[in-house]
There are 2 protein chains.
Amino acid sequence: MPSQAQFENLFHYFKKFNSISKAAEEALVKLCSHIKVPKNKDLQPIGYTCKTIYFIDKGIARIYYYREGIDVTEFFASENSIIVRAESLFTGKPSRKAIQVLEDSEIIGVDAVALFKLYDQFPEIERLFRKIFETAYVETVNRIESIQFHSAKERYEALLLDSPDILQRVPLKHIASYLGITQVSLSRIRAQR
Amino acid sequence: MPSQAQFENLFHYFKKFNSISKAAEEALVKLCSHIKVPKNKDLQPIGYTCKTIYFIDKGIARIYYYREGIDVTEFFASENSIIVRAESLFTGKPSRKAIQVLEDSEIIGVDAVALFKLYDQFPEIERLFRKIFETAYVETVNRIESIQFHSAKERYEALLLDSPDILQRVPLKHIASYLGITQVSLSRIRAQR
DNA sequence: CGATTCCTTTTACATATGTTAAATAATCAC
DNA sequence: GTGATTATTTAACATATGTAAAAGGAATCG
């Protein structure tokens, strides 16, 4: 039986966006489930439609896909953040991308199908997730700027500044494809310092 | 006095996302204004907080900013689409980016401050804009994929396929910076075909 | 219409990044 | 702990893209 204590971090995260009534909290708790995922396991495989919103309680995860047979990382998320394949969740189409856990992790899944139904009953929940995804949208716009108009070296240094923990916890090959360069290029950049 | 007939295209656009009640439509119309903007004029200049959502009735516009003194285009929009500096609208912070019209254009502005207030009264309006920006978010996620994992030539050809009209209507220097390359590179790519 | 400005292409050269392969280094499984 | 696997770095060379400068074309304005 899900109890809110189990989802303390998640609800603390929610509170930063929009506070919701007790009734809404209780309805929301019912959609949550806590799972343990071993290192390197796919949380969601390629080809499936995204129907769950994931929150990382402990651990680290990435979104990746294959481009011409090569593994490409699109996104990283660690503790106290949400990870979601937006292009599938919001279109209902199967995703060419997968979510993989990079350490033994504890993940909270929120049933998105049930969540979207809850929007009719609780506008405050709709508002909460509207704000969450508006913020994600802004981050994505900023990421475009970072990718498009900064050199590989600048992007590496920005990541080093923004998320030093990710550099520590994730194989460099994933970092390289995330930065849009080869592992060889990344090695060269690292050697310069 | 704003009448809905003036905003026919905009409300047709809205309908594709979420249909709203007559009362909501009437409240929404009051926030709209139709303006004519001459070619090359900044609709919103750099340094101001984005407080208006723009819909392009006729014409074409771009979001741009300066990176190390160089004019960089981040986004294009033409007829029947919305253009907005999300990173300012959703954070309330001043934007380093401007919106400029590239032809004599007719633009509908929606007062965003009043709109956000209307959300409390009309959850259906909140839902409408939630869906609009979810779609914009998905497009932005797809754009990252396009920028990061395709060569300049592939990106040019994708643009040629997706938005041939933009190629016709916009100076190539803007296309080049939008694609993340120099004008010289773009010329070389075009010469290859 | 002519002059000016802006836009686009071309050239030559510099630099960054990609590719392939091999050498180390670190980690994992038994 | 040892061997096998995986991760990271290095080297040599190829290619794509950047920079700067010049020239040709197109659009604009009086």
Side-chain angles (χ1 to χ4, degrees), chain A residues 37-42 59-60 62 64 66-73 76 100-105 145-160 164-193, chain B residues 38-42 59-60 62 64 66-73 76 100-105 146-160 164-193:
Chain A
V37 188
K39 179 170 179 172
N40 291 331
K41 185 165 182 192
D42 272 4
I60 194 159
R62 66 176 183 132
Y64 74 97
Y66 291 97
R67 162 156 163 71
E68 292 169 10
I70 292 167
D71 175 319
V72 170
T73 295
F76 290 112
Q100 182 192 34
V101 143
L102 298 172
E103 296 173 351
D104 292 342
S105 299
E145 196 183 316
S146 144
I147 295 173
Q148 186 157 22
F149 306 115
H150 293 82
S151 67
K153 186 175 179 183
E154 288 169 320
R155 277 174 273 150
Y156 173 74
E157 282 166 1
L159 185 66
L160 205 60
D165 60 311
I166 287 180
L167 266 305
Q168 300 297 324
R169 293 162 74 181
V170 168
L172 288 176
K173 61 178 176 181
H174 297 331
I175 306 282
S177 74
Y178 175 78
L179 293 174
I181 55 179
T182 61
Q183 199 175 344
V184 176
S185 275
L186 180 56
S187 247
R188 277 194 285 241
I189 288 166
R190 286 162 59 87
Q192 280 174 39
R193 331 191 79 231
Chain B
K39 179 171 178 172
N40 291 331
K41 183 162 182 197
D42 273 4
I60 195 160
R62 67 174 182 133
Y64 74 96
Y66 292 97
R67 164 157 161 70
E68 292 170 8
I70 292 166
D71 175 320
V72 169
T73 295
F76 290 113
Q100 181 193 34
V101 143
L102 297 172
E103 296 173 352
D104 291 342
S105 299
S146 143
I147 296 173
Q148 185 156 24
F149 306 116
H150 292 84
S151 67
K153 187 177 182 184
E154 288 169 320
R155 277 174 273 152
Y156 174 74
E157 282 165 1
L159 185 65
L160 205 59
D165 60 310
I166 287 179
L167 266 306
Q168 301 297 324
R169 294 163 72 182
V170 168
L172 287 177
K173 60 178 177 178
H174 297 332
I175 307 281
S177 75
Y178 176 77
L179 294 174
I181 56 179
T182 60
Q183 200 174 343
V184 175
S185 276
L186 180 57
S187 246
R188 276 193 287 242
I189 288 167
R190 286 161 61 86
Q192 279 174 41
R193 332 189 81 230

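Residue numbers begin at 1 in each chain, while the letters A, B, ... track the order of the sequences.
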What is the distance from [atom1] of [X] to [atom2] of [N], rounded to the nearest Å?
X      : N      : atom1 : atom2 : result
A:Q168 : C:dA26 : CD    : C1'   : 15 Å
A:R190 : C:dT17 : CZ    : C1'   : 17 Å
B:Q192 : C:dT9  : CD    : P     : 13 Å
A:N40  : D:dT6  : CG    : C1'   : 11 Å

Between the opening five pairs and the closing five pairs of the helix from C:dC1-D:dG30 to C:dC30-D:dG1, how far apart are the helix axes, to 10°?
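For the helix from C:dC1-D:dG30 to C:dC30-D:dG1, the axes at either end differ by 60°.
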
Nearest heavy atoms of B:E154 and B:F149, plus distance in Å:
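In terms of heavy atoms, the two residues are closest at OE1-O, 4.4 Å.
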
Smallest separation among heavy atoms of B:R67 and B:V72, with atom names:
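Nearest heavy atoms, B:R67 then B:V72: CB-CG2, 4.0 Å.
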
Per-nucleotide protein contact string for nucleotides 13-30 of chain D (B base, S sugar-phosphate only, - none; heavy atom under 4.0 Å):
----BBBB-------S--

Residues from residues 170-179 of chain B sitting under 4.0 Å of DNA chain D, heavy atoms only?
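Those residues whose heavy atoms fall under 4.0 Å from DNA chain D, taken from residues 170-179 of chain B, amount to none.
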
With heavy-atom distances below 4.5 Å as the criterion, would you say the side chains of [X] and [Y] are in contact?
X      : Y      : answer
B:F76  : B:H174 : yes
B:L159 : B:Y178 : yes
A:R190 : A:Y156 : yes
B:L179 : B:I189 : no

Checking side-chain hydrogen bond (donor to acceptor under 3.5 Å, both in side chains) between A:D71 and each of A:Q100, A:K173, A:R62, which is the one that passes?
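For A:D71, the side-chain hydrogen bond (donor to acceptor under 3.5 Å, both in side chains) test succeeds with only one of A:Q100, A:K173, A:R62, which is A:R62.
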
Just to verify, what does B:D165 make a side chain to side chain donor-acceptor pair (under 3.5 Å) with, not counting sequence neighbours?
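Side chain to side chain donor-acceptor pair (under 3.5 Å) list for B:D165, sorted by chain: empty.
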
Report the residues that fulfil side chain to side chain donor-acceptor pair (under 3.5 Å) with B:E103, sequence neighbours left out, ordered by chain and then residue number.
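Side chain to side chain donor-acceptor pair (under 3.5 Å) check on B:E103 returns B:R169.
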
B:D104: which residues meet the salt bridge (charged side-chain N to carboxylate O under 4.0 Å, His left out) condition with it, sequence neighbours left out?
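Salt bridge (charged side-chain N to carboxylate O under 4.0 Å, His left out) check on B:D104 returns nothing, list empty.
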
